[in-house]
There are 2 protein chains.
Amino acid sequence: MANTEDPLSITFAALADPTRRAILTRLARGEATVGELGEPFEMSAPAISKHLRVLEGAGLIAREVDARWRICRLRPEPMHDAHDWLEAYRRHWEGNLDRLVEFVERTHRAKAAKPARSAPRAPRKKP
Amino acid sequence: MANTEDPLSITFAALADPTRRAILTRLARGEATVGELGEPFEMSAPAISKHLRVLEGAGLIAREVDARWRICRLRPEPMHDAHDWLEAYRRHWEGNLDRLVEFVERTHRAKAAKPARSAPRAPRKKP
DNA sequence: CTGTCGATTAACCAAGTGGTTAATTGATGG
DNA sequence: CCATCAATTAACCACTTGGTTAATCGACAG
């Protein structure tokens with residue numbers, strides 16, 4: 001199922017692992033071989049190889065073969081897209097407006113019996 | 001294993017599904033009941049319930065019970081953290097500097113036999 | 001009390017994930 | 001030629017995930 005997923009899902013899934021994020025952090029400092037990337041982790045080589053396959057599948061890294069070594073480089077473009085998606089929610093966490101609205105609403109609810117909620121939701125008819 | 005994961009991994013994993021991202025997008029417009037959230041999707045109610053559980057586990061939504069309805073609200077703070085993590089890579093996708101370096105390096109390699117690569121990687125001794 | 005409605009839980013399934021060890025491939029060097 | 005080294009592939013395992021249908025729970029309305 002993951003293979004048929006959209007790019008953004010694949011990107012987020014690839015980022016949802018601390019080992020892979022650490023590998024990306026390492027690669028942000030410069031290219032590295034597979035052995036160098038795996039060295040900090042108490043993990044077998046095939047496990048690292050699989051993580052790199054996931055990162056490559058997400059387009060987050062590129063591998064280039066150099067004799068017996070595979071040189072890995074960061075490909076940050078998918079991160080850009082993920083960043084952009086999150087950016088749309090920035091106003092929701094910036095400023096206290098939302099929290100204030102929420103607080104006022106909750107206080108109101110505590111005093112009134114069945115206070116009306118904020119606008120966008122369609123009014124439920126209670127038959 | 002996922003239950004013992006760090007908050008950032010849980011957040012990214014929750015975002016790695018188009019249905020859940022659509023639910024968050026809907027909630028950015030305002031609170032909604034579970035039924036309203038599930039209505040756009042050709043999916044059973046339990047499936048929606050599970051998605052909401054994942055989102056709640058990631059701290060991305062909060063559910064409040066109102067009679068027989070569950071009112072869902074966006075909790076954007078974890079997105080802020082994810083956004084922050086990605087922000088650190090901004091310089092890698094902004095500007096053509098990296099792509100230029102890469103191009104020059106590749107061109108150089110095509111001409112020279114075994115050109116030295118960029119600095120940060122430890123030099124591999126070929127015994 | 002009983003039926004209904006919103007929502008969740010239970011039980012199950014197919015497929016994916018993250019890890020292992022063992023075997024394999026390719027390039028290097030004695 | 002042969003041993004070695006970097007890395008991947010193969011085969012396997014435990015566990016998670018995303019979905020289903022059937023059963024359950026709690027709040028209302030007659």
Side-chain angles (χ1 to χ4, degrees), chain A residues 1-6 9-23 31-39 41-58 61-72 113-114 117 121-127, chain B residues 1-6 9-23 31-39 41-58 61-72 113-114 117 121-127:
Chain A
M1 183 173 289
N3 47 333
T4 64
E5 265 174 313
D6 59 295
S9 294
I10 295 175
T11 301
F12 278 131
L15 295 176
D17 183 285
T19 303
R20 287 196 291 264
R21 286 198 306 279
I23 288 174
E31 58 180 31
T33 67
V34 173
E36 289 162 354
L37 288 175
E39 184 265 332
F41 307 102
E42 294 182 353
M43 199 179 295
S44 65
I48 298 294
S49 215
K50 286 189 178 184
H51 281 304
L52 294 178
R53 171 186 303 279
V54 172
L55 289 171
E56 194 174 33
I61 68 168
R63 272 182 285 191
E64 180 196 344
V65 50
D66 171 13
R68 348 186 225 190
W69 292 274
R70 268 72 166 183
I71 315 298
C72 301
K114 284 289 178 186
R117 263 176 298 276
R121 207 178 68 250
R124 306 185 299 277
K125 323 118 190 151
K126 305 187 178 183
Chain B
M1 183 172 288
N3 48 333
T4 64
E5 265 175 292
D6 59 293
S9 295
I10 295 175
T11 301
F12 278 130
L15 295 177
D17 182 284
T19 302
R20 288 196 289 265
R21 287 199 306 280
I23 288 174
E31 58 179 31
T33 67
V34 173
E36 289 163 354
L37 287 175
E39 183 266 332
F41 307 102
E42 295 181 353
M43 199 178 293
S44 65
I48 298 293
S49 216
K50 285 189 179 183
H51 281 305
L52 294 178
R53 172 187 301 280
V54 172
L55 289 171
E56 194 173 33
I61 68 168
R63 270 182 287 192
E64 179 197 344
V65 51
D66 171 15
R68 345 184 227 190
W69 291 274
R70 268 71 166 183
I71 315 297
C72 300
K114 285 286 178 188
R117 261 175 298 279
R121 206 178 69 251
R124 305 185 299 274
K125 321 122 190 145
K126 308 186 178 184

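Worth knowing before you read on, the calculation uses all heavy atoms, side chains too, and leaves out hydrogens, waters and symmetry mates. Keep in mind it's a predicted model, so treat the numbers as computed, not measured. Just so it is clear: chains get the letters A, B, ... in the order the sequence lines come, proteins before strands, and each one is counted from 1.
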For A/Ala14 against A/Arg20, the heavy-atom pair lying closest together =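 Minimum heavy-atom contact is O-NE, 2.8 Å.
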
State, to 0.1 Å, how close B/Ile10 and B/Gly57 come at their nearest heavy-atom pair, and which atoms those are.
-> CG2-O, 4.1 Å

Between A/Arg21 (side chain) and A/Leu15 (backbone), is there a donor-acceptor pair under 3.5 Å?
->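 Yes, the answer is positive, given that a donor and an acceptor are paired below the 3.5 Å cut-off.
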
Between atom [atom1] in [X] and atom [atom2] in [N], what is the gap in whole Å?
{"X": "A/Asp66", "N": "D/dC5", "atom1": "CG", "atom2": "P", "result": "18 Å"}
{"X": "B/Asp17", "N": "C/dG16", "atom1": "CG", "atom2": "P", "result": "14 Å"}
{"X": "B/Trp69", "N": "C/dT8", "atom1": "CH2", "atom2": "C1'", "result": "16 Å"}
{"X": "A/Glu56", "N": "D/dA7", "atom1": "CD", "atom2": "C1'", "result": "13 Å"}
{"X": "A/Arg53", "N": "D/dA7", "atom1": "CZ", "atom2": "C1'", "result": "11 Å"}
{"X": "A/Glu36", "N": "D/dA7", "atom1": "CD", "atom2": "C1'", "result": "13 Å"}
{"X": "A/Glu39", "N": "D/dC5", "atom1": "CD", "atom2": "P", "result": "17 Å"}
{"X": "B/Leu52", "N": "D/dG19", "atom1": "CG", "atom2": "C1'", "result": "15 Å"}

Contacting residues from residues 42-51 of chain A, given that a heavy atom lies under 4.0 angstrom of DNA chain D |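 Heavy-atom contacts with DNA chain D come from A/Ala45, A/Pro46, A/Ser49, A/Lys50.
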
C/dC5 base / B/Arg68 side chain donor-acceptor hit below 3.5 Å |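 In this structure, the two groups form a donor-acceptor pair.
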
State, yes or no, whether a side-chain contact exists between A/Leu37 and A/Val34 at a heavy-atom distance under 4.5 Å.
->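 No, too far: nothing below the 4.5 Å cut-off.
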
Hey, are the side chains of B/Glu64 and B/Glu31 touching, using non-hydrogen atoms and a 4.5 Å cut-off?
->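 No - every pair of side-chain heavy atoms lies 4.5 Å or more apart.
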
B/Arg63 vs C/dA7: side-chain N/O to OP1/OP2 distance below 4.0 Å = no

